[in-house]
Amino acid sequence: MISIAKPVIGEEEKQAVLEVLDSGILAQGPLVAAFEKAFAELCGVKHAIATSSGTTALYLTLLAHGIGAGDEVITSPFTFIASANSVLYVGAKPVFVDIDPRTFNIDPQKIEAAITPKTKAILPIHLYGLCSDMGTIMSIAEKHHLIVIEDACQAHAARYNGKCAGSFGTGTFSLYPTKNMTSAEGGMVTTNDDAIAEECRVLRNHGMRRRYYHDELGYNLRMTDVHAAIGNAQLQKLGKFNQKRAENAAYFDAHLKGVVTPYVPEGYQHIYHQYTIRVPNGKRDALRDYLKEKEIGTEIYYPLPIHQQGFYIEMFGEMKFPESEKAAGEVLSIPVHPSLSQADREMIVGTINEFMV
Ligand SMILES: Cc1ncc(COP(=O)(O)O)c(C=O)c1O
């Protein structure tokens, strides 16, 4: 079976975890601090704040920016549920804007029409590892005095015009095992803003600035040194992992037939967290079944846009976002992870082409 995702864990990660277990410091300690420093350098920002997951990185960021009840946050409905749920956690309202069908990311041309006096932030998602159109989004945000929170959970070291994902607004990352790098579970917030970084650190640790003096309602959203040990080792390998994914993607771009391959606009560096094709003419599910028969794993990210999830309909009523709905019916992610062999790549291409052409 060629699996859709496969974390690459080597001796370095194993050794690093054993060292932490022997050290006596298991929870947040010096390895988390080292991981934060290295991650900030990777993204080209002043601060990185480690969290327990990508979801809690989003939650912490929204809290630190003071977003809450009565506020609206503009985002895309074609993403993992956590992007919009984090907005609900702080009592704010996610306001959806449809996607650009070529990139699967929020369509910046449609953002201004969704801005109201209640809008506090824009939360673009860099889906599949391709940055959103950050140039346009940052100028809209500046014009309307809005905060920008990047959901870069799938975009470790993806670039837009040379700048890293997570370095435009406040960035949020996931380190879940299927991501381009992992810490088992974990997340990161990235920012150049000293005050936001400080607020994230305080809220992450029960609102404490001085030991056992709690200035505000805080939480436990910390990462452990066990997780940071894995994360540090993975960070050293991210460049190689991303390179291998890019090579796999280039092979698929050159050889796949009868499907729409990922679109990468000029000036963007895609990191292929997913290699997602569009399968036209209602053939997606049949192709998926055929690939499964041939022992090739695939996944649909995501089969139901967020505005069509039951509890969102209950809360906000019926909404229509035609491009997101169309994409949900056509997308199929195929294996692109760094462990694919040449034989795997040939098998994947051969099987898809055989079915589609
Ligand atoms: C786009 C997006 N946002 C948020 C998350 C949440 O991250 P985590 O699973 O680490 O909580 C994910 C992870 O799957 C994601 O893909």
Side-chain angles (χ1 to χ4, degrees), residues 4-7 32 35 39 48-63 73-90 94 96-97 99 103-106 121-132 134 137 148-158 165-166 168-190 200 204 219-224 226-228 230-231 234-235 245 270-276 299-307 309 312 324 327-328 331 333 336-337:
I4 178 71
K6 191 173 176 202
V32 168
F35 189 26
F39 202 89
I49 301 95
T51 59
S52 51
S53 71
T55 305
T56 54
L58 279 160
Y59 177 50
L60 183 60
T61 299
L62 286 153
L63 287 171
V73 176
I74 292 175
T75 191
S76 156
F78 190 59
T79 173
F80 183 55
I81 193 87
S83 311
N85 277 359
S86 59
V87 177
L88 295 180
Y89 299 157
V90 298
F96 297 117
V97 165
I99 55 166
T103 62
F104 301 107
N105 284 329
I106 193 165
I122 309 174
L123 197 164
I125 296 102
H126 307 318
L127 201 70
Y128 306 143
L130 177 73
C131 281
S132 295
M134 292 315 294
I137 290 170
V148 174
I149 297 171
E150 298 172 66
D151 182 336
C153 284
Q154 303 187 359
H156 310 74
F168 295 88
T170 307
T172 57
F173 291 83
S174 166
L175 297 162
Y176 189 74
T178 54
K179 300 296 191 275
N180 288 33
M181 60 171 286
T182 184
S183 62
E185 288 272 11
M188 279 282 176
V189 177
T190 52
C200 282
R204 171 181 66 175
Y219 308 83
N220 176 356
L221 305 173
R222 299 181 302 258
M223 178 183 277
T224 73
V226 178
H227 293 90
I230 302 170
Q234 289 268 297
L235 189 53
R245 284 174 183 269
H270 201 316
I271 54 118
Y272 297 102
H273 168 55
Q274 299 297 340
Y275 188 94
T276 302
E299 192 51 86
I300 298 166
Y301 303 108
Y302 295 91
L304 192 64
I306 299 182
H307 67 283
Q309 302 283 346
Y312 274 79
S324 298
V331 291
S333 298
V336 71
H337 57 76

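Start at 1 and go down the list; that is how both ligands and their atoms are numbered. Keep in mind that this is a model prediction, so the values were computed, not measured.
Taking the side chain to side chain contact (heavy atoms under 4.5 Å, CB included) definition, one finds that T103 meets it with D100, N105, L130, Y263, P265, sequence neighbours left out.
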Write none if no such pair exists; otherwise list each N/O atom of ligand 1 with its protein N/O partner under 3.5 Å and the distance.
unit_1   : atom_1 : unit_2 : atom_2 : d
ligand 1 : 3 (N)  : D151   : OD1    : 3.3
ligand 1 : 3 (N)  : D151   : OD2    : 2.8
ligand 1 : 7 (O)  : S174   : OG     : 3.4
ligand 1 : 10 (O) : G54    : N      : 2.8
ligand 1 : 10 (O) : S174   : OG     : 2.7
ligand 1 : 11 (O) : G54    : N      : 3.4
ligand 1 : 11 (O) : T55    : N      : 2.9
ligand 1 : 11 (O) : T55    : OG1    : 2.5
ligand 1 : 14 (O) : K179   : NZ     : 2.7
ligand 1 : 16 (O) : Q154   : NE2    : 2.8

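Judged purely by atom type and a 3.5 angstrom limit, Q274 has no side-chain atom pairing as donor or acceptor with the backbone of Y301. Looking only at distances, no side-chain donor or acceptor of T182 sits under 3.5 Å from a matching main-chain atom of K179. Of the possible polar contacts, none joining the T170 side chain to the I149 backbone as a donor-acceptor pair under 3.5 Å is found. The backbone N or O of S333 lies less than 3.5 Å from no partner atom in the side chain of E299, so there is not a single donor-acceptor pair.
Listed here is the closest heavy atom pair of M223 and S183: CE-OG, 3.8 Å.
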